[in-house]
Amino acid sequence: KEKVEITKEQQALMKVIADAYNRHQIPQDVAKKLLQDQYSAEENFLLLTEMATSQVQVLVEFTKNIPGFLSLNHEDQIALLKGSAVEAMFLRSAQVFSKKMPNGHNEVLEDRIRRSGISEEFMTPMFNFYKSIGVLHMVQEEQALLTAITILTPDRPYVKDQQAVERLQEPMLDLLRKLCVLQHPQKPQYFACLLGRLTELRTLNYYHAEMLTSWRMNDHKFTPLLCEIWDVE
Ligand SMILES: O=C(NC1CCCCC1)[C@H](C1CCCCC1)n1c(-c2ccc(CO)cc2)nc2ccccc21
């Protein structure tokens, strides 16, 4: 049985990533708002664009704290953010969805999302992903590292210096692997499972644009930031 040890510099890296992740928390209020009332498709779409806009701003701040990110080529920094924004949004949405709430609230939240205006065909892949994240019961550090690993995906479109991105992603993957062994000793496959979620997350990328354009309403309005990052309008 290999003795897994987290080195001093890995502890420092974990602290930097976890602190940045906790500092840049999205207000959990989207769940509270959804639990308050059943909104119209138009109101829900507006809520989504507001939440997603602030999440992108939070994501940029988080990314700036990833050691080495700001030393990457500037175009590559943009390509990584653009390439990971939708996945980071679904990862964060999955974490909001999986948060244990007082009894019955989780069911109400699911029902509100089902009737929010998203077209039926996307419900299964989206909720399958949320539930597959939920059953993992990830700790904060794992969520933070998984988000950083998603951002530092070398093969995003238009990334020029992929090796430079790999050099930043590798230490995160190594640290996450050790963390999984230490946090979930009874689940040797846990780390592989987490990485499998990232593959599932990529498929949601393909659905995302259509989920927006098929939202049950006319005239979908986006903020300038979302037009930039979501390739819409
Ligand atoms: O606001 C939201 N997500 C934010 C995003 C930024 C980070 C925090 C969460 C939206 C809701 C908006 C209002 C109508 C109901 C969905 N949402 C989605 C979601 C996100 C994007 C799409 C289309 O691509 C479809 C659904 N999944 C959720 C799971 C749990 C709680 C909210 C969730």
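Counting convention: from 1, in listed order, for ligands and their atoms alike. Start at 1 with the first residue, then count along the sequence.
Considering backbone and side-chain N/O of Ser116, none are found under 3.5 Å from N/O of ligand 1. Ligand 1 has an N or O atom lying under 3.5 Å from an N or O atom of His208, backbone or side chain.
Checked against the 6.0 Å centroid criterion, the rings of Phe62 and Tyr21 qualify as a close aromatic pair. Side-chain rings of His208 and Trp230 approach one another, their centers coming within less than 6.0 Å.
Under a 4.0 Å criterion applied to the non-hydrogen atoms of Phe90, ligand 1 contributes the atoms 21 (C), 24 (O). Within ligand 1, counting atoms from 1 as listed, the ones closer than 4.0 Å to a heavy atom of Met89 are 5 (C), 6 (C), 21 (C). In the vicinity of Arg92, heavy-atom distances shorter than 4.0 Å reach the ligand 1 atoms 7 (C), 8 (C). Ligand 1 places these atoms under 4.0 Å from at least one heavy atom of Ile118: 25 (C), 26 (C).
Residue Val30 touches ligand 1 through its side chain alone, judged by heavy-atom distances below 4.0 Å.
A side-chain donor-acceptor contact under 3.5 Å links Ser132 and Arg197.
For atom 12 (C) of ligand 1, the candidate residues are Val86, Leu48, Asn106; the nearest heavy-atom contact is made by Leu48. The residue from Tyr39, Tyr130, Phe97 that puts a heavy atom closest to atom 28 (C) of ligand 1 is Tyr130. Nearest to atom 6 (C) of ligand 1 by heavy-atom distance, out of Glu110, Glu43, Gln55, Arg115, is Gln55.
Both the sub-6.0 Å distance and the 45° axial angle are satisfied by Arg114 relative to the ring of Phe127.
Using a 4.5 Å heavy-atom threshold, the side chains of Phe222 and Phe45 count as touching.
Residue Met126 places a heavy atom less than 4.0 Å from ligand 1. Residue-ligand proximity: Phe122 is placed with every non-hydrogen atom at 4.0 Å or more from ligand 1.
A salt bridge links Asp174 with Arg177: the closest approach of a Lys/Arg side-chain nitrogen to an acidic carboxylate oxygen falls below 4.0 angstrom. Look at Arg156 and Glu87 and you find a salt bridge, because one of the NZ, NE, NH1 or NH2 atoms lies within 4.0 Å of a carboxylate O, short of that distance.
Judged by distance alone, the side chain of Asn22 and the main-chain N or O of Ala18 form a donor-acceptor pair under 3.5 Å.
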